Asker: 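Can you read through this structure? Questions will come right after.
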Amino acid sequence: MEINKTINSDSVDLMINMGPQHPSTHGVFRLLLNIDGERIIDVKPYIGYLHRGSEKLCENERYAQVITLFDRLDYVANLNMELGFCLAVESLMELDVPDRASYIRVILCELNRIASHLLFYGTYGLDVGAMTPVLYAFREREKIQGFFESITGARMMHNYFRIGGVKGELPGGFGNRLNLLLDEISKGIEECDQLLSKNEMFLARTKNVGVISSSDAVDFGVSGPNLRASGIARDIRISKPYSIYDRFDYGIPVASSGDCWDRYYVRLEEIRQSVKIIKQAMNQMEDGPILAQVRRIPRPPKGEIYFRTESPRGDFGIYLVSDGSDKPYRVKVRAPSFANLQSLQYLLKGAYIADAVTILGSIDIIMGEVDR
Amino acid sequence: MEDQKINKDTKDNLPPVLNFTPEQDQLISLLTKTLPSISNINVNNLQGDVELNIDSKDIKSICRVLKDSPELNFNYLECISLVDYEEKLEVVYHLTSFKLKKSIIIKTSIPAEEPEINSVISVWRAADWFEREAHDLFGVNFLGHPNLEPLLLFDGFEGYPGRKNFPINDYQEW
Amino acid sequence: MSIADLFNYMSYVFGLFLSLTLIVLLLVWLERKVLARIQMRMGPMRVGFHGALQPIADAIKLISKEDILPAWTDKLVYWFAPIVVFVPAFLLWVTIPFGKNMVIRSLDLGLFFIVAISVLSVLGLIMAGWGSANKYAVLGGLRAAGQLISYEIPLIMAILTIAILHQSLNLVEIVDKQSQIPNIFIQPLGLVLFFIAGLAELGRTPFDIHHAESEVVGGPFVEYSGAHWSVFFLAEYINTFTISILTVLLFLGGWHWPNIPFSGNLQTVLSVFVVLIKTILVVIVIFWIRATYPRLRIDQLMSFGWKMLIPMAFINVTITACIVYYDELPLWILPILSIILLVLGAVIIQRKFSKNITSTIEVISSKSLLKEKSEVNIN
């Protein structure tokens, strides 16, 4: 898209304050738009409305208690957050997680990824003005949440993963219910795909809008589906395999143009791949213990680790410094949304106001993670 | 004291050179070739990532070399973290090179009183918000950063809540 | 004018207002139900049979809500805007027949009157946008102005083709001339143009740009609440019904098709039902489109209007005028040419977007990536 910056010296640009209360800023995100007619000349993002000081709070909680704080970072992919922290502590303690626990974790995390991407699908439909996708997406997401509830006891703030395993055994009939759920999801995804992806108006709204080249994306620290949409096949699950992700055979969707439609479709494709992973994990899972032998109050040895996991939004890194006590000395969270959101300033220049919403939606931010 | 202990600890656990895998060896030799001034190269034995301990004055030039050198090409800045060791602050950069498929860690220490360090925003644009956040929470002044407004905190917030000496329980906002 | 005349007029106005309000309540209920069924929901179910009384409950709630007057508003403009929007919507019904012999005033310049009056509502939207002293509202108001003025042209052109075809501007006459063949079989292109331009006039999906919730948060109506907002709401639904009934009268044969068997009063009553049912079917199509399509961007809307609809509307008018002028040409040429144009337009749109559809997504297997150990740049 060519950027027309025709600024008439006689005219005054209009400042529009978008957010923190705006239906399509996905939480409490604020954008100060400087517009000329329908074009955005300049943009200033403001974050921090949801800053709870999670990192500081972590320093004053025991390791097992920190997991609850991580639930509240990316609040639509809670289990992925828990997984990141648990794995970081486990590798600091050089602890081996029982196989069954790892499989349960992977299954739940991938289901969570599906739920997160479905939320993206629905809200993205709303962002471009289609009201039906959100209901189709939530039909499927609701099933997943109900499934989570039967396993973890909570729909969102699960606090299910433990350092060294998971909290409890799976409920009876888990396998059958999961198979049923996966069939329904696969069907639902195809419906969702048919509903929106190839719609001419949707294509017109998203194709060649908000294009970010691969070099710019890397420079801005963009990660996850956004980076893969720009043509770089970087996925932590493969580049630095964690947990048991190297045991599965699945696909990494990579697009080349880096526009909104690619970012959208990469996520939709990832749902299909996650279904594949879950099916393989189901077949490979065997009986066994679900929790390693860990002290009630884990005290990892002195040391530090930067542990990367692939959350639904990208590289989720945890920099964990331990001083040998029962509380972490420092926890720094590298939130994928935080880095992805930086690229917004660059993407929005010269776009239309309507595109601001489309582009912001396609980046798929979660403010709980951005502000921490 | 804390950090020295930790560093010492990792060094003690680590028999020199012998423990390096060939991959690490290769990266270290590449690093020493491109950056002859660096002497303190370490390996984090938990992750296997190579760790550079450098002087805070050199951060910008070293980062520039790391990114621009065609062999290394550390083009992806993952994270800038700050760790408060009471008497000093440690700035930790996590970099990844898509070309080498390797990650390295750069560590540098700055004084806790009036901490200052050169900004790396001209090397990676990703550094922008990470540095602003560090400025917010730890009061680090990033020289050369164009816009060090508060990012996570509101305007006029006093104190640096990321630091260890900032009270966590008896803190009153209003 | 005698007192009796005045009383008569007042009863007309009152009756019209009452019936339109009832129709709006019906449409609101219908929209919620239709959308709900498309979205696999139940829709309103609690108040009355299948939520039939829900719109009434909503109306009571809206009227009893506080009317908020923001501090910086231009008060006069702000309070008058809903009236300026509502009055034209209401006034149109003076000349719209809603059954055989069921029209308040059968004006000979009926279509001209409708076209002239319907344009006025733009003014109300701009007033609302300006008076609210809200940047989103101004943006919405200006969008509405641009949109409504540009889509007025194809709308009028589509009406003009019918007027040329039947040599009349009187709606009753136009309907009566369709007793043999409804205009849809003579002017399919005209119907499509009229319907699309009508959707844009209404500001309904996919043309709901001026009050897009996700962008300008309701546009001109963002600051309105309570009764004043409900007036906008009322006007919007009356307009929806108006465009639908005009589609029925101009293209779908009005109360003919099927021909009504009886005569006298019974026939009149039945004709009203025929028109109502046809209109509601058109309204359902509008709701269906709302449930299906995303919203266009303002520049896409403009380029679609000026580059597609207006040229086609002009071509359509020219062809119709030529065929009507040269009597020796048979009338069946018109539908054929019309369909050819329609297909041509569809092909142009298809070609424009088909280059977009080429999928660029490539799924790389994890095993192959694991072998290479990671970040491959496929560019």
Side-chain angles (χ1 to χ4, degrees), chain A residues 14-17 22-24 35 38 125-132 135-136 139 195-196 198-205 207-208 214 230-235 237-241 245-246 248-257 261-262 265-266 269 273 352-358 361, chain C residues 35-36 38-41 135-136 138-139 142-143 146 205-209 212-218 290-304 349-350 352-379:
Chain A
L14 185 64
M15 284 275 240
I16 272 206
N17 185 37
H22 187 281
S24 49
I35 59 167
E38 286 276 339
L126 283 183
D127 283 344
V128 295
M131 68 182 302
T132 308
L135 290 141
Y136 274 65
R139 177 189 59 177
L195 182 64
L196 195 58
K198 299 282 166 67
N199 185 316
E200 274 84 359
M201 281 176 203
F202 183 68
L203 285 168
R205 283 298 304 279
K207 272 276 178 191
N208 300 323
S214 57
S230 294
I232 295 175
R234 177 182 157 85
D235 190 317
R237 288 177 292 180
I238 285 164
S239 61
K240 292 189 171 62
Y245 272 106
D246 46 356
F248 308 117
D249 185 15
Y250 53 98
I252 300 298
V254 178
S256 54
S257 52
W261 193 82
D262 280 357
Y265 205 74
V266 161
E269 189 61 44
Q273 303 304 332
Y352 288 95
I353 298 172
D355 285 344
V357 174
T358 324
Chain C
L35 285 181
I38 292 175
Q39 294 160 351
M40 301 165 302
R41 298 184 282 126
K135 285 171 184 172
Y136 286 112
V138 173
L139 215 59
L142 293 178
R143 280 179 171 193
T205 318
F207 305 109
D208 57 342
I209 289 168
E213 289 93 354
S214 65
E215 292 152 28
V216 287
V217 214
R290 180 174 175 204
T292 311
Y293 282 108
R295 183 185 304 126
L296 281 174
R297 214 199 297 143
I298 184 86
D299 63 316
Q300 290 162 347
L301 172 102
M302 286 298 182
S303 67
F304 180 66
I349 292 175
Q350 181 66 30
K352 186 167 154 43
F353 287 105
S354 64
K355 68 170 187 280
N356 277 341
I357 294 176
T358 51
S359 174
T360 49
I361 305 282
E362 184 187 343
V363 180
I364 305 172
S365 152
S366 67
K367 292 280 183 214
S368 71
L369 276 176
L370 267 177
K371 259 180 234 149
E372 296 176 47
K373 215 57 167 117
S374 175
E375 302 96 9
V376 200
N377 195 337
I378 64 164
N379 269 353

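Quick note on labels: first sequence line is chain A, next is B, and so on, each numbered from 1. No experiment lies behind these values; they were computed from the predicted model shown.
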Asker: Looking only at heavy atoms, which two atoms of Y136(A) and I38(C) are closest? And how far apart?
Answerer: OH-O, 3.5 Å
Asker: Report the C-alpha distance between Y352(A) and Q300(C) in whole Å, list the side-chain angles of each, state the deciding distance to 0.1 Å, and finish with yes or no for side-chain contact (heavy atoms from CB on, under 4.5 Å).
Answerer: CA-CA 11 Å; Y352(A) 288 95; Q300(C) 290 162 347; over 6 Å; no
Asker: Taking side chain as everything from C-beta outward and backbone as N, CA, C, O, which of these in L296(C) sits under 4.5 Å from a heavy atom of chain A? Side chain, backbone, both or neither.
Answerer: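 Contact with chain A: backbone and side chain both.
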Asker: Determine yes or no for a side-chain-to-main-chain donor-acceptor pair under 3.5 angstrom, with T132(A) supplying the side chain and A291(C) the backbone.
Answerer: yes
Asker: Can you name the residues that form a side-chain hydrogen bond (donor to acceptor under 3.5 Å, both in side chains) with R143(C), not counting sequence neighbours?
Answerer: E38(A), E215(C)
Asker: Counting heavy-atom pairs under 4.5 Å with chain A, which one of R290(C), R41(C), R295(C) comes out on top?
Answerer: R295(C)
Asker: As an exercise: rank M131(A), R205(A), M201(A) by heavy-atom pairs under 4.5 Å with chain C and give me the winner.
Answerer: R205(A)
Asker: Side-chain contact test, heavy atoms from C-beta onward, threshold under 4.5 Å: evaluate it for R297(C) versus D355(A) and give yes or no.
Answerer: yes
Asker: Looking at L139(C), L35(C), D208(C), L142(C), which has the largest count of heavy-atom pairs under 4.5 Å with chain A?
Answerer: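 Most heavy-atom pairs within the cutoff with chain A belong to L139(C).
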Asker: So among L196(A), N199(A), V128(A), which one has a side-chain contact (heavy atoms from CB on, under 4.5 Å) with Y293(C)?
Answerer: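 The side-chain contact (heavy atoms from CB on, under 4.5 Å) with Y293(C) is passed solely by N199(A) among L196(A), N199(A), V128(A).
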